[in-house]
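Just so you know, ligand 1 is whichever comes first in the structure, and atom 1 is the first atom listed for that ligand.
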Amino acid sequence: MPASPDTFDFIIVGAGSAGCVLANRLTASGRHRVLLLEAGPANRHPWLHIPLGYGRLFTNPRYNWCYQTEPQPECHGRNVIAPRGKTLGGSSSINGLIYIRGQAEDFDHWRQLGNAGWSHEDVLPYFRKAEDNERGADEHHGSGGPLGVSDVRDRHPLAAAFIEAAQQCGYPRNDDFNGAAQEGAGFYQTTMRKGVRSSTAAGYLKPARRRGNFTIVSNALATRILFDGRRATGIEYLVGDQKRSANANVEVLVASGAFNSPQLLQLSGLGPADLLQSLGIPVIADLPGVGDHLNDHYFARIILRCREPITLNDAARNWLLGAKAVADYALFRRGYFAIPAISAGCFIKALPSSATPDIQCSIALYSIHNLGDWVDAFSGFTITSTLLRPESRGHVRIKSADPRQAPAIHPNYLATSKDRDTLLAGVKALRRIAKAPALAQHVVEEVDPGPQCDGDDALIDFIRRRGSTVYHPVSTCRMGQDTKAVVDERLKVRGFERLRVIDASIMPAVVSGNTNAATIMIAEKGADMVLEDARG
Ligand SMILES: Cc1cc2nc3c(=O)[nH]c(=O)nc-3n(C[C@H](O)[C@H](O)[C@H](O)COP(=O)(O)OP(=O)(O)OC[C@H]3O[C@@H](n4cnc5c(N)ncnc54)[C@H](O)[C@@H]3O)c2cc1C
């Protein structure tokens, strides 16, 4: 008997960084019928493909969930913005395009927590499999993969000055942050191919779309995982107000990201029993770890006034410079429209006790007063200091049984004194770089926080008042061997059959870098495990 049109082998929930990888790999053989559900619309808008679109999509609710955190107790009670992609490609369609995997030690730590198969040696082949690095393949890098990786196209004088200033402060030069060692200063590599964003929708989904065994439904909000006892059997979802469902013969794969994957599990009855009961949701399993352990990167940024009109602020406000930027991109795919959110950086050990870099310093070629604002009216640029391995942990918890309502997001930034001390040391190091001759020659003054902000107490207050996330939430469906871990090392939800979570939420802790590459690696490895198990 032919399968019903609503029956598939695999259902993937979320077409983000991870979901598009899974969709490509699971449909490749033609043997499995796959349904991919995505809450957001298709990715046709040009800003989703032009790198500078990053700035334009920051607050656009059509392609961005535009979440906010709960008031953060250690950040003057502020609600911190928490953007997430909501379209094919997910956050890889709106992110800052920086390609940094993390440190080898991060993955070795995952392995030491008991997660067999996740050491750096184990995961490196998956990073290489994903990658199409324009520098070509070597022991650290791959070429020919779906994910375009390229050097920053234009080496802006301010970014070059930042690197030289870091060297003047004693940090080594590093031309490959994903190579033998991460420490040092250099230009970033980006997820771009020939000046166009390489989201997972572009790299993985596009080549798979026409496969006969593949169905994509966009504008489809998954509302509940369906179960027969402890076996996942399908998904219920909404398209507009229309309720639909689909069956999965083999597995349901949740790939909705670090905020929405725990939300979907909780809506489906998997989560802290007291929370679910308080919202009238029947409890299938009391899993207090679902949504717990939220771990995110927090950063502080310093705004500097530039001596020359060479910043992105100038191009955005001067029609002649703006017209040149448009022409540069239209004709050559270069110039300001082809820059990533940050262009160059320096990984440092801010605390003398750290064995590997604990702070990522970066330079962005523009300044904005509040994230999401239009650029400042003066020639300005920004230097940043990001805490790489925050100890602080928070949570994601649904506030309502209505799947259309945002969950409560509480990252608990700066909750430990070590986090505050490390970031303070990072901001001081950043100021030293700004004052080194190579960069100082371009700087008129520090605008924010300004020279009057001096001394540890004032600087810590600045970090609390003006700091924010770099959008790397993870760990809310954490992989591990302890009782609060949500998935095991094969990414199967503990105590359940035919149900996995495969996305950034499974990271045991945030990587010391940027999270897109590691999420794609997780999905590449996850797809292999799913296919191995399907073969029996
Ligand atoms: C503004 C921003 C800048 C960033 N900059 C960088 C950077 O420069 N470099 C870097 O490495 N990382 C960066 N990141 C982080 C990186 O992009 C993410 O860590 C990564 O994309 C997470 O992948 P994911 O698959 O876990 O989730 P996502 O890519 O967010 O995908 C989840 C998908 O699931 C969909 N979804 C959610 N709920 C449902 C539901 N109920 N039903 C159906 N679909 C659903 C969402 O719409 C989304 O498409 C940035 C992120 C943001 C938001």
Side-chain angles (χ1 to χ4, degrees), residues 11-22 36-41 43 51 53-55 57-60 63-67 81-102 147 149 178 188-192 197 199-201 205 217-225 235-239 254-265 267-268 296-297 340-342 345 360 362 364 371-372 403-404 406-407 468-474 476-477 501-507 510-511 513-523 526:
I11 300 177
I12 302 164
V13 186
S17 293
C20 292
V21 176
L22 292 169
L36 176 63
L37 297 175
E38 168 52 45
N43 60 333
Y54 162 79
L57 299 164
F58 222 73
T59 50
N60 181 334
Y63 299 107
N64 185 334
W65 292 86
C66 294
Y67 290 135
I81 64 164
R84 291 281 92 192
K86 185 184 184 184
T87 180
L88 300 179
S91 298
S92 78
S93 288
I94 69 159
N95 73 11
L97 299 99
I98 302 307
Y99 182 77
I100 294 183
R101 299 169 179 172
L147 183 71
V149 176
N178 302 297
Y188 288 137
Q189 282 210 298
T190 69
T191 44
M192 266 184 237
R197 177 188 286 277
S199 66
T200 55
L205 207 55
V217 186
S218 44
N219 297 303
L221 179 75
T223 53
R224 195 158 65 96
I225 305 164
I235 287 284
E236 208 168 72
Y237 62 100
L238 285 173
V239 177
V254 178
S256 309
F259 299 146
N260 297 100
S261 286
Q263 179 193 32
L264 183 62
L265 293 188
L267 288 168
S268 307
D296 191 14
H297 282 147
I342 42 181
Q360 176 179 5
S362 300
L371 297 171
R404 282 174 283 212
S468 186
T469 169
V470 288
Y471 331 111
H472 295 164
V474 302
T476 49
C477 297
V501 181
I502 306 181
D503 61 20
S505 70
I506 70 94
M507 294 187 200
V510 70
V511 290
N514 302 55
T515 43
N516 187 40
T519 305
I520 291 169
M521 173 280 288
I522 288 166

Leu205 side, atom CG; Leu88 side, atom CG - distance, nearest 0.5 Å | 6.0 Å
Listed partners of Tyr54 passing ring pair (Phe, Tyr, Trp, His ring centres under 6.0 Å), at least two apart | Phe58
Point-to-point distance, once rounded to the nearest 0.5 Å, from OG1 of Thr476 to CG of Asn260 | 9.5 Å
Short side-chain donor-acceptor distance under 3.5 Å, Ser93 and Thr87 = no
Roughly how far apart are Ile522 CD1 and Leu22 CG, rounded to 0.5 Å?
-> 11.0 Å
Is it true that a side-chain atom of His297 and a backbone atom of Val511 form a donor plus acceptor pair closer than 3.5 Å?
-> yes
Could you list each nitrogen or oxygen of ligand 1 that sits under 3.5 Å from a protein nitrogen or oxygen, with the atom names and the distance?
{"unit_1": "ligand 1", "atom_1": "5 (N)", "unit_2": "Gly96", "atom_2": "N", "d": "2.9"}
{"unit_1": "ligand 1", "atom_1": "8 (O)", "unit_2": "Gly96", "atom_2": "N", "d": "3.3"}
{"unit_1": "ligand 1", "atom_1": "8 (O)", "unit_2": "Leu97", "atom_2": "N", "d": "3.2"}
{"unit_1": "ligand 1", "atom_1": "8 (O)", "unit_2": "Ile98", "atom_2": "N", "d": "3.0"}
{"unit_1": "ligand 1", "atom_1": "9 (N)", "unit_2": "Ile98", "atom_2": "O", "d": "2.9"}
{"unit_1": "ligand 1", "atom_1": "11 (O)", "unit_2": "Ile98", "atom_2": "O", "d": "3.2"}
{"unit_1": "ligand 1", "atom_1": "11 (O)", "unit_2": "Thr515", "atom_2": "N", "d": "3.3"}
{"unit_1": "ligand 1", "atom_1": "11 (O)", "unit_2": "Asn516", "atom_2": "N", "d": "2.8"}
{"unit_1": "ligand 1", "atom_1": "12 (N)", "unit_2": "Asn516", "atom_2": "N", "d": "3.4"}
{"unit_1": "ligand 1", "atom_1": "17 (O)", "unit_2": "Asn95", "atom_2": "ND2", "d": "3.1"}
{"unit_1": "ligand 1", "atom_1": "19 (O)", "unit_2": "Thr515", "atom_2": "OG1", "d": "2.7"}
{"unit_1": "ligand 1", "atom_1": "21 (O)", "unit_2": "Ser17", "atom_2": "OG", "d": "2.6"}
{"unit_1": "ligand 1", "atom_1": "23 (O)", "unit_2": "Ser17", "atom_2": "OG", "d": "3.4"}
{"unit_1": "ligand 1", "atom_1": "25 (O)", "unit_2": "Ser17", "atom_2": "N", "d": "3.3"}
{"unit_1": "ligand 1", "atom_1": "25 (O)", "unit_2": "Ala18", "atom_2": "N", "d": "3.0"}
{"unit_1": "ligand 1", "atom_1": "26 (O)", "unit_2": "Ala504", "atom_2": "N", "d": "3.0"}
{"unit_1": "ligand 1", "atom_1": "29 (O)", "unit_2": "Ser17", "atom_2": "N", "d": "3.0"}
{"unit_1": "ligand 1", "atom_1": "29 (O)", "unit_2": "Ser91", "atom_2": "N", "d": "2.9"}
{"unit_1": "ligand 1", "atom_1": "30 (O)", "unit_2": "Ser91", "atom_2": "OG", "d": "2.7"}
{"unit_1": "ligand 1", "atom_1": "41 (N)", "unit_2": "Ala222", "atom_2": "O", "d": "3.1"}
{"unit_1": "ligand 1", "atom_1": "42 (N)", "unit_2": "Ala222", "atom_2": "N", "d": "2.9"}
{"unit_1": "ligand 1", "atom_1": "44 (N)", "unit_2": "Ala39", "atom_2": "N", "d": "3.1"}
{"unit_1": "ligand 1", "atom_1": "47 (O)", "unit_2": "Glu38", "atom_2": "OE2", "d": "2.7"}
{"unit_1": "ligand 1", "atom_1": "47 (O)", "unit_2": "Trp65", "atom_2": "NE1", "d": "3.1"}
{"unit_1": "ligand 1", "atom_1": "47 (O)", "unit_2": "Gly85", "atom_2": "O", "d": "3.4"}
{"unit_1": "ligand 1", "atom_1": "49 (O)", "unit_2": "Glu38", "atom_2": "OE1", "d": "2.6"}
{"unit_1": "ligand 1", "atom_1": "49 (O)", "unit_2": "Glu38", "atom_2": "OE2", "d": "3.2"}
{"unit_1": "ligand 1", "atom_1": "49 (O)", "unit_2": "Thr87", "atom_2": "O", "d": "3.3"}

